[in-house]
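Structure record follows, encoded as structure tokens.
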Amino acid sequence: MTAQPLPVPDPQDRPTVDVVLTGDQLGEGVASVDPRSLDVKQKQAIYHDWESRTYEDKFSISYDERCIDYARDRFRKVVPEGAGFGDVLEVGAGTGFFLINLALGGCLEGAALNATDLSPGMLEVCARNGAENGFDVAVREGDAEALPHDDESFDLVIGHAFLHHLPVPGAALNEMFRILKPGGTLVLAGEPTELGDRLSWAVKRNTWRAFRAVTSVPGLAELRRPSIREAGGSANDEVLAGLEHEVDLHTFRPKDVEKMARLSGFGEVSVVTEELTANWFGWAVRTIEGAVRPGLLGPRWAFAAFRGYLALQRFDDDWLTRVVPREAFYNLILHARKPYPG
Ligand SMILES: C[S@@+](CC[C@H](N)C(=O)[O-])C[C@H]1O[C@@H](n2cnc3c(N)ncnc32)[C@H](O)[C@@H]1O
């Protein structure tokens with residue numbers, strides 16, 4: 001990975017943001033920079049570093065039955081029971097949600113667990129989560145488009161919800177191909193499809209409008225989540241939170257992902273898609289959770305929301321996958337193998 005020198009901020013060019021700079025991507029120290037002068041990877045790194053403090057709360061991530069089932073179900077859609085792996089790497093691992101829940105779910109029995117991410121903050125949480133759940137996760141900072149690992153060093157490379165953050169997803173597929181051993185397996189899950197994402201935007205927008213309309217009734221405005229500043233956050237937090245809209249770079253058509261994987265050299269390539277009504281329901285729930293005053297909804301809401309999501313997921317899997325084209329489902333899972341030479 002090439003270290004990028006930080007652009008010198010123009011003092012006239014406010015607002016700036018104070019970022020703790022760590023690792024190869026940004027250099028070392030603390031600096032006040034204009035976020036507009038950062039390139040997309042630097043934005044990814046500072047945004048996800050900042051987000052690492054609250055990421056698991058925001059996405060209701062846990063290391064229990066609920067998230068274990070979620071991770072294992074995604075994996076088992078493409079990898080059969082009984083498949084074993086020695087060296088495993090999660091790319092764009094964040095706090096380790098996918099890797100650790102797969103390990104807890106018995107999908108990575110006896111494997112050496114490794115995680116890489118652009119954000120050192122995320123990796124710090126990942127290593128801690130591993131330890132708290134009884135696993136030694138070796139973490140290493142790295143850009144998915146230029147991985148710091150040796151050729152042919154892993155039996156399984158996995159990823160969840162990270163490919164759409166990369167400026168050049170095909171470059172990351174080339175890298176994952178390079179570091180896999182011949183015969184090795186690639187599983188990438190949780191990536192948004194182009195059409196599924198468009199449909200989910202309509203759900204988000206309408207839920208948001210309905211919430212704003214209801215809470216504009218006198219007396220109900222108290223239900224709204226206070227702004228970052230009202231909740232005691234700093235100007236820095238506000239600028240960093242605003243980067244959220246700049247870090248989601250892509251959505252994918254399933255056939256394009258299959259093509260990209262084949263171009264990288266992979267064989268046995270397949271993309272399956274999932275979540276249609278479950279996703280609409282999930283986004284409506286998440287939109288309300290993001291809009292409402294923290295602490296108001298409580299565990300009964302979370303339980304009911306989860307039960308609703310599971311019921312709709314079963315409906316999508318059992319019925320809608322038979323009649324609705326795969327492009328309309330929100331999440332895609334890529335499975336591929338690195339062929340043996342010759
Ligand atoms: C939405 S989070 C997903 C994290 C985790 N895989 C999960 O499912 O919870 C996206 C992650 O991708 C990472 N990321 C963004 N750009 C990256 C890059 N070029 N190389 C490696 N990781 C990257 C971010 O730091 C962040 O941790």
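Whatever order the structure lists ligands and atoms in, that order sets their numbers, starting from 1.
- A cation-pi arrangement is absent between R205 and W208 under the rule of less than 6.0 angstrom and at most 45 degrees off the ring axis.
- Residue E51 places no heavy atom under 4.0 Å from ligand 1.
- Distance from atom 6 (N) of ligand 1 to its nearest protein heavy atom, with residue and atom name: H160 O, 2.7 Å.
- Interface atoms of ligand 1 facing F97, defined by a heavy-atom separation under 4.0 Å, are 8 (O), 9 (O).
- Under the 4.0 Å criterion applied to side-chain N and carboxylate O atoms, K181 and D87 are assigned as salt-bridge partners.
- Salt bridge annotation for K58-E244: present, with a cationic side-chain nitrogen under 4.0 angstrom from a carboxylate oxygen.
- Checked for salt-bridge contact, E274 and R74 meet the test: a charged N lies under 4.0 Å from a carboxylate O.
- Interface of A161 with ligand 1, defined as ligand atoms under 4.0 Å from a residue heavy atom, comprises 1 (C), 2 (S), 3 (C), 10 (C).
- Counting the atoms of ligand 1 from 1 in the order shown, those under 4.0 Å from a heavy atom of E90 are 6 (N).
- When heavy-atom distances to ligand 1 are checked against a 4.0 Å cut-off, A172 has no atom that comes that close, whether in backbone or side chain.
- The closest approach between any non-hydrogen atom of A93 and ligand 1 is below 4.0 Å.
- R128 has no carboxylate O lying under 4.0 Å from a charged side-chain N of E56, or vice versa, which leaves the two without a salt bridge.
- Ranking protein heavy atoms by distance to atom 19 (N) of ligand 1, first place goes to D143 OD1, 3.0 Å.
- In terms of protein heavy atoms, atom 20 (N) of ligand 1 is closest to A144 N, 2.8 Å.
- Shown are T116, D150, L89; of these, the side-chain contact (heavy atoms from CB on, under 4.5 Å) with I179 is made only by L89.
- Counting the atoms of ligand 1 from 1 in the order shown, those under 4.0 Å from a heavy atom of F162 are 12 (O).
- No donor-acceptor contact under 3.5 angstrom links the side chains of Q42 and Y47, judged on distance only.
- Distances below 4.0 Å separate heavy atoms of H165 from the following atoms of ligand 1: 1 (C), 10 (C), 15 (C).
- Between atom CG of residue N279 and atom CG of residue L199 there is a gap of 9.0 Å, rounded to the nearest 0.5 Å.
- Those atoms of ligand 1 with a heavy atom of G142 less than 4.0 angstrom away are 20 (N), 21 (C).
- For ligand 1, the polar-atom distance check against K41 finds no nitrogen or oxygen pair separated by under 3.5 Å.
- If you look at L166 next to ligand 1, the close heavy atoms, those under 4.0 Å, all belong to the side chain.
- Using a 4.0 Å cut-off between charged side-chain N and carboxylate O, D69 and R72 make a salt bridge.
- Distance from atom 23 (C) of ligand 1 to its nearest protein heavy atom, with residue and atom name: L118 CB, 3.7 Å.
- Contact annotation: for Q44 versus ligand 1, heavy atoms closer than 4.0 Å belong to the side chain alone.
- Closest to atom 27 (O) of ligand 1, if we only count protein heavy atoms, is D117 OD2, 2.7 Å.
- D237 and R53 are joined by a salt bridge, as a carboxylate oxygen and a charged side-chain nitrogen come within less than 4.0 angstrom of each other.
- In this structure, M122 counts as a contact residue of ligand 1, since one of its heavy atoms falls inside 4.0 Å of the ligand.
- A salt bridge links R178 with E175: at least one charged nitrogen is closer than 4.0 Å to a carboxylate oxygen.
- At least one heavy atom of Y55 sits closer than 4.0 Å to an atom of ligand 1.
- Applying the side-chain contact (heavy atoms from CB on, under 4.5 Å) test between L118 and each of L166, D49, D143 identifies D143 as the sole match.
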